[in-house]
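Single-structure report; data block below.
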Amino acid sequence: MHDIKLIRENPAGFDAALARRGLAPQSAAIGAQDTDWRALATAVQEGLARRNEASKAIGQAMGKGDSASAETLKAEVATLKARLPELEAQEKSLAEALQAQLAAIPNLPAADVPEGPDETANVEEYRWGTPRSFDFTPQDHADFGPALGLDFESAAAISGARFAALRGGMARLHRALAQYMLDRQTGANGYEEVNPPLLVRDDAVFGTGQLPKFAEDLFRTTTGHWLIPTAEVSLTNLVREKILSEADLPLRFTALTSCFRSEAGSAGRDTRGFIRQHQFEKVELVSIATPEQAAAEHAHMVQSAQGILEALGLPYRRMLLCTGDMGFAAAKTFDLEVWLPSQGVYREISSISTCGDFQARRMNARYRPEGEKATRFVTTLNGSGLAVGRTLVAVLENYQNADGSVTIPDVLHPYMGGLTSLTPR
RNA sequence: GGAGAGGUGGCUGAGUGGUCGAAAGCACCGCACUCGAAAUGCGGCGUGCCGGCAACGGUACCGUGGGUUCGAAUCCCACCCUCUCCGCCA
């Protein structure tokens, strides 16, 4: 959510930032609406002021027993009341329209975000690991996975496309990955483990920015709850409507949850395999920080995610997303992309964003700086640490063997109950 | 699901339809007292919005949204949330 004051003060700067996102200028339209609204608001307030004044006088007159002048005043107020409701209604609808317009505008990119129209303009910043050289042709996990317990067929019968059932060692490996990630994030990386609600209300989803624009990407229950598309929603909203002490910041949260996405706009993309599912698990990281802490928190979050990939020995690269490829709420985003040998490409496995006060405004999440009376909005950050399903895919493909088996990475052995490889049934 | 109680400022907690943005206490800030601190005393202390260079003025806010009224924290309706008891249940 944008601060209308900033748009008033610097409309050209606002439009310029929107332009970097490839969006048309909006400040003129917003400014005009804002001007209209303020004029109406002033008129309404003046009307109310006169009404209040008269009402007070009525009270005083009646207190003195002067019912005659009280009646005169009442008549006066009555005429005022005839046209005040209409003004108020207009003012309200204008204010709501203005809010709706502001709520639909994405966050402005940070100054150091490269400009570009789409993912082709993302900038590779860093690359870790060397893709393994295979002495056979590496296979797609969608091809060799089913023999190892990646059961698309049964799941399709139960739930349709974009669902899978993990069985036996495959389920165990998935669980091991999740546990390993969670243990690292809650251990050395300092995130508090949270087991949050997966069904949330409108306000929560509005707070993180999925509503109102992206409702079609979400699942909704008959009770009107939304299934979280990411634990970012639940974790970030832990501080909604709160005033935190500066001493408590940063707050670091992590959660292993299922995530639910309708994939409405993704028809035909990644239809094979486990890459893009309606339901998947993810270890999410969220940090609530002061603006001053945000950059360091962002870096820490990136390290926390990269550490998992490195421990698993999965080659990856880090991309700084360009303006055109960032999510709605993000001011700056790094993507981690993991190497998939079957496709010979790097695929997104983590997205780590700082959102400035964009989400905080929507949630009204504030903190009180040390020694200050006024409150300020917090900065919110979120990232995957990591997407468990996609990590499973990466492990399967990078650790596959010529005989169709998969070797379990060493760091997962404590979680595997003695299993050191998955072998075809 | 049934019955009941309740949602008031950073916190606790008063509040008769009119002088209530709201008592009191705590917390916080300033001053006094003190060598210093504690204790005590005095004073201050909500937020958003609109207008104004500012001082300041106006307005809204007592869970949310409607309504009654000249006037609503207070009365009415709906909804949300919390708590207690009962029932059901992993």
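Residue numbers start from 1 in every chain, and the chains themselves are labelled A, B, ... in the order their sequence lines are given, proteins ahead of strands.
At least one side-chain nitrogen or oxygen of Asn52(A) sits closer than 4.0 Å to the OP1 or OP2 atom of rA60(B). The side chain of Arg38(A) places no N or O atom within less than 4.0 Å of a non-bridging phosphate oxygen (OP1 or OP2) of rG58(B). Lys5(A) has a side-chain polar atom (N or O) that falls below the 4.0 Å cut-off from OP1 or OP2 of rC49(B).
Contact annotation for Ala54(A): no contact, since no heavy-atom pair falls under 4.0 Å across all strands. When heavy atoms are screened at a 4.0 angstrom cut-off, Arg8(A) is found touching the sugar-phosphate backbone but no base atom.
Here His225(A) and Phe219(A) keep their ring centres 6.0 angstrom or further from each other. A centroid separation of 6.0 Å or more is found between the aromatic rings of Tyr191(A) and Phe253(A).
Searching all strands for a Watson-Crick or G-U wobble partner of rA60(B) with both distances below 3.5 Å returns rU47(B).
Distance, Arg368(A) CZ to rG9(B) P: 13 Å, rounded to whole Å. Distance, Arg362(A) CZ to rG48(B) P: 20 Å, rounded to whole Å.
The residues Glu115(A) and Arg21(A) are annotated as not salt-bridged, no charged nitrogen and carboxylate oxygen being separated by less than 4.0 angstrom. Residues Arg272(A) and Asp143(A) are paired through a salt bridge, judged by an N-O separation under 4.0 Å between the basic side chain and the carboxylate. The pair Arg376(A)-Glu292(A) meets the salt-bridge criterion, since a charged nitrogen lies less than 4.0 angstrom from a carboxylate oxygen.
Side-chain proximity of Arg51(A) to the nucleotides rA60(B), rG51(B), rC49(B) is greatest for rA60(B). Of the candidates rG66(B), rG10(B), rG71(B), the closest approach to any side-chain atom of Lys92(A) belongs to rG66(B). The side chain of Leu48(A) lies closest to rA60(B) when the candidates are rG51(B), rA60(B), rG18(B).
The aromatic rings of Tyr180(A) and Tyr415(A) lie perpendicular to each other, with more than 60° between the two planes, well past the 30° mark.
His2(A) places a side-chain N or O within 3.5 Å of a backbone atom of Pro106(A) that can act as its donor or acceptor partner.
Near RNA chain B, meaning a heavy atom under 4.0 Å away, the residues from residues 197-210 of chain A are Arg201(A).
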